[in-house]
Amino acid sequence: MAGKLIATPGQTVGPFFALGLDRPEWADLTRQSPQGQRIVIAGQVRDGDGAPVPDAVIELWQANAAGRYDHVEDTQAGKPIDPQFHGYGRAATDAQGRFKITTIKPGPVPGRGNALQAPHINVAFFARGLLRQLHTRIYFADEPANTGDPLLSSIEDEGVRKTLLARPEGAGIYRFDFVLQGNDETAFLDL
Amino acid sequence: MAEPPAYARHRPDTQPPYLYPDYASTVKRSPTRPLIRFEHTLSEITGPSFASGWAGAAATDLTRQHKGEPLGERIIVTGRILDEDGRPVPHTLVELWQCNAAGRYHHPVDQHDAPLDPNFTGAGQAITDGEGRYRFITIKPGAYPWRNSPNAWRPAHLHFGVFGGGFVTRLITQMYFPGDPLLPYDPIYQSTADAAARTRLIAAYDPDLSEPEWALGYAFDMVLRGREATPFEGRD
Ligand SMILES: [Fe+3]
């Protein structure tokens, strides 16, 4: 049950968020040389007309290469914290709606019950025209652990499930598009 | 590891919808498929920590970022970041951006025919203290026109971003000023159906926060999602 105060409503980031939120260095989560396989995730954001969205900001939260979050409530035994990896990143889209993130591939993390979650990156997505954030996840299409992942397995429509998979496009390069409406509409989460 | 306690879902109508046609840009940018409901795991209840200072130095006085002082009404904006149970959120990042007193952003996309102020950028950041408190000194932003509908004007506002304890507590919002005559006409403000929730977006003028002969004081608390259960305190 929710508490005694009402939470503050979200309001759009608007078109000028770069003034406060643009930290180009935060798009590179490897800037402190963490452990793990270096990867690049690049893609485009498109709206309901298929037009590029030049004013979106993508925020990432992920575990380190061992599958440990840098957070006080992650008390997993036997998975070390990487002092060179905080796990948070942010990238804004350019005039063509494109973004690029450099990071390391996260390890698997526990789910509810005894489930194991396949490696994934958590996303909070903001844009002009969005009154509050959308949540989704980036999984990796070439990851064998996907078959046992609770979220992916819960999505029956294969076309929808595929929208959560970053496609390998060469060594360590992945493609992930955010499609806000239409046939390839990204699966967004109610968290 | 024990099952982590989830964050509480928002009460109905206390957050804006994704599709709100009065705000025209939502029409082509809001999802059309139902969102997939997913119960929180470690991925959702953890989130970035800022206590170590990695996000950079605090910038809480927006009136002293240039050679001269910016034009406009000097204001102090201060408050606490709380969860829905009223517990303060310490050591979290608060980001602020805004236009100048004339209603113009220091941003290339802003073509509003109002002057830029060479002494005002309009960006700041703070880390909350142990009691969840933040404090900025800035100038009151102006209203500005936008193309949502003919002759539409945004009420004066500050843009705020806050993190909180988990990735799902992330909040980006706007703070408005009490008594602004534009609020009834602003679809972004009006998009939240619940009146009590909407009122959370309006700062309170507080004479005790004003500093004599110098600046007007406004109080603005931001409330983030709380926990479903409070495992460390038991039930009452
Ligand atoms: Fe604005």
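Chain letters run A, B, ... following the sequence lines, proteins first, then strands; residues in each count from 1.
When each of Gln133(A), His135(A), Glu59(A) is tested with Arg170(B) by the rule side-chain hydrogen bond (donor to acceptor under 3.5 Å, both in side chains), just one qualifies, namely Glu59(A).
When heavy atoms are compared at a cutoff of 4.5 Å, Val53(A) approaches chain B by way of both its backbone and its side chain. With a 4.5 angstrom heavy-atom cutoff, Gln98(B) touches chain A only via backbone atoms. Heavy atoms of Thr121(B) lying under 4.5 Å from chain A belong to its backbone as well as its side chain. At a 4.5 Å heavy-atom cutoff, the contact between Phe188(A) and chain B is made by backbone and side-chain atoms alike. Proximity to chain B (any heavy atom under 4.5 Å) is shown, for Arg68(A), by neither the backbone nor the side chain. For chain B, no part of Val57(A) is nearby; none of its heavy atoms comes within less than 4.5 Å. With a 4.5 angstrom heavy-atom cutoff, Tyr23(B) touches chain A only via side-chain atoms. For a residue to count as touching a neighbouring chain, one of its non-hydrogen atoms must lie under 4.5 Å from one of that chain's; by this rule Phe126(A) touches chain B with the side chain only. Using a 4.5 Å cut-off between heavy atoms, Asp49(A) contacts chain B through both its backbone and its side chain. Only the backbone of Leu60(A) comes within contact range of chain B, with at least one heavy atom under 4.5 Å from a heavy atom of that chain. For Ile155(A), the part lying near chain B is the side chain, with the backbone staying farther off; criterion is any non-hydrogen pair under 4.5 Å. If you measure heavy-atom distances from Val13(A) to chain B, the contacts under 4.5 Å come from both the backbone and the side chain.
The minimum heavy-atom distance linking Thr14(B) with Pro9(A) is given by the pair O-CG, 3.6 Å. Taking all atoms of both residues into account, the shortest heavy-atom contact from Gly10(A) to Gln15(B) is N-OE1, 2.9 Å. Between Leu131(A) and Pro17(B), the shortest heavy-atom distance links the atoms CD1-O, 3.3 Å.
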| query | Taking it one step at a time, do Ile172(B) and Gln11(A) satisfy side-chain contact (heavy atoms from CB on, under 4.5 Å)? | reply | CA-CA 6 Å; Ile172(B) 290 183; Gln11(A) 298 274 268; over 6 Å; no
| request: List the steps and the verdict of side-chain contact (heavy atoms from CB on, under 4.5 Å) for Leu5(A) and Asp221(B). | output: CA-CA 11 Å; Leu5(A) 302 176; Asp221(B) 290 343; over 6 Å; no
| request: Carefully, step by step, assess Gln181(A) and Ser30(B) under the rule side-chain contact (heavy atoms from CB on, under 4.5 Å). | output: CA-CA 7 Å; Gln181(A) 295 180 350; Ser30(B) 48; 3.8 Å; yes
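Proximity of a side-chain donor or acceptor of Gln174(B) to a complementary backbone N or O of Thr12(A) within less than 3.5 Å is detected. Formation of a donor-acceptor pair under 3.5 Å by the Thr8(A) side chain with backbone atoms of Val223(B) is found in this model. Checking side-chain atoms of His71(A) against main-chain N and O of Leu42(B) turns up no donor-acceptor pair under 3.5 Å. Between the Ser25(B) side chain and the Arg128(A) main chain, no donor and acceptor come within less than 3.5 Å of each other. Using modelled atom types, no side-chain atom of His159(B) and backbone atom of Gly20(A) make a donor-acceptor pair closer than 3.5 Å. When atom types are taken as modelled, the side chain of Arg9(B) and the backbone of Asp190(A) share a donor-acceptor pair closer than 3.5 angstrom. Under a 3.5 Å cut-off, the side chain of Glu185(A) and the backbone N or O of Pro31(B) do not form any donor-acceptor pair. A donor-acceptor pair is defined here as one N or O able to donate and one able to accept, closer than 3.5 Å; such a pair exists between the side chain of Arg23(A) and the backbone of Ala55(B). Under a 3.5 Å cut-off, the side chain of Glu44(B) and the backbone N or O of Leu191(A) do not form any donor-acceptor pair. Formation of a donor-acceptor pair under 3.5 Å by the Trp97(B) side chain with backbone atoms of Ala18(A) is not found in this model.
Taking a cutoff of 4.0 Å between a charged side-chain nitrogen and a carboxylate oxygen, Asp55(A) and Arg29(B) qualify as a salt bridge. Between Glu73(A) and Arg227(B), at least one side-chain nitrogen of the basic residue sits less than 4.0 Å from a carboxylate oxygen of the acidic one, meeting the salt-bridge criterion.
Because its NZ or CZ atom is both nearer than 6.0 Å to the ring centre of Tyr18(B) and within 45° of the ring axis, Arg132(A) counts as a cation-pi partner of that residue.
In this structure, OG1 in Thr46(B) is found 9.5 Å from CG in Asp70(A), a value given to the nearest 0.5 Å. Rounding to the nearest 0.5 Å places NZ of Lys4(A) at 9.0 Å from CG of Asp83(B). Glu39(B) CD to Ser154(A) OG: the interatomic distance, rounded to the nearest 0.5 Å, is 11.0 Å.
No side-chain heavy atom of His106(B) sits under 4.5 Å from any side-chain heavy atom of Phe16(A).
Put simply, of Val72(A), Val45(A), Ile6(A), Leu180(A), the one with the most heavy-atom pairs under 4.5 Å next to chain B is Ile6(A).
Checked by atom type, the side-chain pair Thr41(B)/Arg112(A) shows no donor-acceptor distance below 3.5 Å. Under the 3.5 Å distance criterion, with hydrogens and angles disregarded, a donor-acceptor pair is assigned to the side chains of Ser43(B) and His120(A).
Between Tyr88(A) and Trp54(B), the ring planes are tilted. Angles from 30° to 60° get that label.
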